[in-house]
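Just so it is clear, the values below take in all heavy atoms, side chains as well, and ignore hydrogens, waters and symmetry mates. Remember, predicted model here, so these are calculated numbers, not experimental data. Each chain gets a letter, A, B and so on, in the order its sequence line appears, and its residues count up from 1.
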Protein chains: 2
Amino acid sequence: MHTIDEIDVEILSLLGEDARRPFSDIAETVGLSGPAVSDRVARLQDAGVINRFTIDVDRSTIQGGVPVFVQVEVVGADVDALRERIGDADAVEHVFVTAEGDVWFYARAEGRNVRRWLEELLENGDLEYRVTLMDDVEWRPSLGGTAFALTCAECGNTVDSEGESATIGGDAYHFCCSSCRDRFETRYARLEEGA
Amino acid sequence: MHTIDEIDVEILSLLGEDARRPFSDIAETVGLSGPAVSDRVARLQDAGVINRFTIDVDRSTIQGGVPVFVQVEVVGADVDALRERIGDADAVEHVFVTAEGDVWFYARAEGRNVRRWLEELLENGDLEYRVTLMDDVEWRPSLGGTAFALTCAECGNTVDSEGESATIGGDAYHFCCSSCRDRFETRYARLEEGA
DNA sequence: TCTGAAAGGCCATAGAT
DNA sequence: ATCTATGGCCTTTCAGA
């Protein structure tokens, strides 16, 4: 049962600014030793909070293709399968799933013929889709200082040092108080029983 | 006047997968020495191809709020100003600008009242917008091998080893041949004169 | 722009608290 | 979960091509 606290948040913020920053630097900033930071980063990776260390590339100078935003209306098809299929395509950069189960994505369509590329990507399903030509994209990895504030999974309030965290069903959740956590866990258990 | 070649592209791809991968590992993969890779990475940063080393964080576990996708119809307003204002907001993760000049973004709306949060973010302008509740997001930094293919800034064709690159006005551009580059530079110079 | 050697710094492990 | 100490690896610098 791991706990995520403000120091973790601070570490995430620092790594967001520069992921190659030495752990010893981070250690000094947050008031820990190097190995302690290393441990915490390893834990954050295990918990799935850090998906990966990566680079933010200015793709406009590097990758060609026509930038498009596609909104696919998913009816009578497997959303997860489609989402995975789309996400695996090389040209696709962002994949969204709406609450209604539609799949939207941003991509740089390869080749000159966008329609053909799309039909192939969607496997000639009879799905309706809408294509919008795009101009510019921006992804914001970390932002200022408050970007990584913890919020209670139960009530939505900010989690301070009094709060607690728990790994439930493989995912990390954070709570502002133990009663919120109890409520969440109870609800989660009920949901699992039902499924 | 720097040149970006396939080795640079390979390095970018490898760093996209794991930005903390040792340069010596990369060196072995691409067939260079460690210092050579270090030099190339430094050059890629200077040229603005690499914006930053960063981490991809699973925000769903860290940041609360309601995930929404907002499509703002921009009429009679400054697109760039709005885009910047939205991009600077803490809760906003992805910003898109359509070819028609509308601004779309993905964010985790803070607090319980999404409408109020939005009105504030859009500065009570009379802009029309559409909000869609979202379920899931995925961002793909680097993808397979072909993701970082170079394309000619002048004609859009793929740039191979015969091509060349140049830093013009502080930005890196790539060309499939010298005539494309000449044409681009001429046009650029003319544009600058005009301004 | 690359290589190779050497110096300095960084990370991971071990063992104790 | 954290610390200190240490061994080994990684990065950078520099000279030479």
Side-chain angles (χ1 to χ4, degrees), chain A residues 1-12 14-50 52-55 150 159-167 172-175 178 181, chain B residues 1-12 14-50 52-55 61-62 150 159-167 172-175 178 181:
Chain A
M1 204 69 85
H2 303 293
T3 301
I4 291 184
D5 57 18
E6 313 95 83
I7 292 185
D8 287 319
V9 172
E10 205 173 344
I11 291 173
L12 288 172
L14 289 167
L15 287 176
E17 286 169 18
D18 178 8
R20 281 186 86 95
R21 194 194 303 259
F23 288 170
S24 46
D25 274 15
I26 298 175
E28 204 174 334
T29 313
V30 304
L32 286 177
S33 69
V37 172
S38 179
D39 282 354
R40 293 177 89 117
V41 170
R43 254 177 279 142
L44 288 168
Q45 285 187 276
D46 289 341
V49 177
I50 296 177
R52 50 150 80 77
F53 290 84
T54 187
I55 49 175
L150 295 172
V159 175
D160 59 16
S161 53
E162 303 293 307
E164 42 190 273
S165 302
T167 306
Y173 296 96
H174 317 285
F175 307 96
S178 54
R181 173 173 153 189
Chain B
M1 206 66 87
H2 304 292
T3 300
I4 291 184
D5 58 19
E6 313 94 84
I7 293 185
D8 287 320
V9 172
E10 206 174 343
I11 291 173
L12 288 173
L14 289 167
L15 286 176
E17 285 168 17
D18 177 8
R20 282 188 82 95
R21 193 193 305 260
F23 288 170
S24 47
D25 274 15
I26 298 175
E28 204 173 334
T29 312
V30 304
L32 285 178
S33 67
V37 172
S38 179
D39 283 354
R40 294 177 90 115
V41 170
R43 255 177 278 142
L44 288 168
Q45 285 186 276
D46 288 342
V49 177
I50 295 176
R52 76 223 290 190
F53 290 83
T54 187
I55 48 175
T61 62
I62 273 267
L150 296 173
V159 175
D160 60 16
S161 54
E162 303 293 307
E164 42 190 273
S165 302
T167 306
Y173 297 96
H174 316 286
F175 307 96
S178 54
R181 172 174 152 187

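Between the side chain of Thr54(A) and the main chain of Ala19(B), no donor-acceptor pair closer than 3.5 Å is present.
Separating the CD1 atom in Ile11(B) from the CZ atom in Arg21(B) is a distance of 11.5 Å, to the nearest 0.5 Å. Rounded to the nearest 0.5 Å, atoms CG (Leu44(A)) and CG (Leu12(A)) are 5.0 Å apart. To the nearest 0.5 Å, atoms CG (Asp18(B)) and CD1 (Ile55(A)) are separated by 11.0 Å. Between the OG atom in Ser38(A) and the CD1 atom in Ile26(A) there is a gap of 10.0 Å [rounded to 0.5 Å]. Within the model, atoms CG of Leu32(A) and CZ of Phe23(A) stand 13.0 Å from one another, a figure rounded to the nearest 0.5 Å.
For the pair Ile11(B) CD1 and dC2(C) C1', the interatomic distance rounds to 13 Å; values are reported in whole Å. Atom-to-atom, CD of Glu28(B) to P of dG4(C) comes out at 13 Å; the value is rounded to the nearest Å.
Comparing the end axes of the helix from dT1(C)-dA17(D) to dT17(C)-dA1(D), each fitted to five base pairs by superposing C1' atoms of four pairs onto the next four, gives an inter-axis angle of 30° (nearest 10 degrees).
The side chain of Ser33(B) lies closest to dT3(C) when the candidates are dT3(C), dA1(D), dT1(C).
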Across nucleotides 10-17 of chain C, 5' to 3', mark each nucleotide with B, S or - according to how protein heavy atoms within less than 4.0 Å reach it. -SSB----
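Listed by chain and residue number, nothing satisfies the salt bridge (Lys or Arg N to Asp or Glu O under 4.0 Å) test with Arg20(B) (two or more places apart in sequence, or in another chain).
Within 6.0 Å of atom CD in Glu28(A), 12 or fewer heavy atoms from other residues, nucleotides or ligands are found, so the atom counts as exposed in its surroundings.
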